[in-house]
Amino acid sequence: MSRAVRFERYGAPEVLAVVEVQTPVPAADQVLLRVRAAGLNPFESKLRRGLFDGQIPVSFPAAQGTDVAGVVERVGEAVQTMAPGDEVFGASAGRGSHAELVLANPSQLLVRPPQLDWAVAGGLWTAASTAVATVEAVGVQAQDCVVVAGAAGGVGCLAAQLAVHHGAAVIGVASEKNHAWLRSRSIVPVAYGDGLEERVQAAAARAGGRPTALIDTVGHGYVELALELGIAPERIDTIADFDAAREHGVKADGQSALADIVAAVGQVAALIVAGAVELPVAATFTLERVREAYELLEASHPAGKIVLMP
Ligand SMILES: NC(=O)c1ccc[n+]([C@@H]2O[C@H](COP(=O)([O-])OP(=O)(O)OC[C@H]3O[C@@H](n4cnc5c(N)ncnc54)[C@H](OP(=O)(O)O)[C@@H]3O)[C@@H](O)[C@H]2O)c1
């Protein structure tokens, strides 16, 4: 037996419990990981609250978590690329990384470089791949001025830094408590709220031009803002407002738009190891404190990732 997070009905974080479950047995082509770190993503909250009821099948008791970093505990008989003791990161097979032990497919795992912190490795899969997808979607180039909405969030902080890495001027929309961090990563911070459009235009003018692309990780009118700023629809990407994407014909490319998710995650991990990109870890929690972890994710907006460390 081992411990894992489960919920028996849709609801707020209070429906989450850590329970004893049968330790999963790897299929021939799977590995069993002892979880060292497993990131939280807003998708998990939305799923648990029942927002995808009827669209994404959920059977109770249901598990949470996809992002994972851990140590290979057992390998299926057909697995030849990994062995017990290997340190890896990536995605769990299906949901369930918020646990002591979880199954994974070797094709969705990367070897953890020793310089890559466990908590960072455990929070990378979704945010890194999605950030790469958004930057590719708007085709960031060195001469661009890119606006990133939600620039201190898990996806946004990586997308903004990747755009900087491409040589673009980057304006990051975030609350003021995150502005110092954005400046430290060469991102021009702009606070959201009344007068946002004027502040973005002024920041772009100071950078020598006007906004040429916008990556929206928030929703709530950023697609419309981008159009008002004169950005071409094909240079606007939202991962949070699919109605606006349909209505205005802008892009809605996220992780699933990528041809090779593993390569994208590996690319970001290499940049982190090289010091060119940072993934801040806002907070870590033990498995037992999973409710607090999701309450933090859902109530406030800490910069970077929240990670469970069983
Ligand atoms: N389609 C996909 O493939 C895909 C993949 C991953 C995520 N997503 C979606 O993308 C969204 C972001 O995910 P995430 O993991 O980055 O979430 P996150 O880490 O919770 O970050 C969200 C950020 O939004 C900022 N924010 C809140 N209100 C804002 C506003 N009005 N203007 C600007 N920024 C605001 C917050 O920062 P402040 O502290 O600065 O307020 C927070 O850091 C979620 O809806 C998620 O479901 C989609």
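Residues take their numbers from the sequence shown, with the count starting at 1. One-based numbering, in listed order, for ligands and for the atoms of each.
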Quick check on the hydrophobic clustering: are [X] and [Y] connected, directly or via other members, by side-chain heavy-atom contacts under 4.5 Å?
X	Y	answer
V218	V190	yes
V18	V35	no
I215	L227	no

Which atom pairs, nitrogen or oxygen on both sides, join ligand 1 and the protein at under 3.5 angstrom?
residue, atom, partner, partner atom, Å
ligand 1, 3 (O), Q255, N, 2.9
ligand 1, 16 (O), G154, N, 3.2
ligand 1, 16 (O), V155, N, 2.9
ligand 1, 19 (O), G154, N, 2.8
ligand 1, 32 (N), Y222, OH, 2.5
ligand 1, 39 (O), S175, OG, 3.0
ligand 1, 39 (O), K177, NZ, 2.9
ligand 1, 39 (O), N178, ND2, 2.9
ligand 1, 39 (O), H301, O, 2.9
ligand 1, 40 (O), S175, N, 2.6
ligand 1, 40 (O), S175, OG, 3.0
ligand 1, 40 (O), N178, ND2, 3.1
ligand 1, 41 (O), S175, OG, 3.3
ligand 1, 41 (O), Y192, OH, 2.4
ligand 1, 43 (O), G153, N, 3.3
ligand 1, 45 (O), K46, NZ, 2.8
ligand 1, 47 (O), K46, NZ, 2.8

Under the side-chain hydrogen bond (donor to acceptor under 3.5 Å, both in side chains) test, which residues partner [X], sequence neighbours left out?
X	result
N41	D67, T126, K305
D29	none
E87	R112

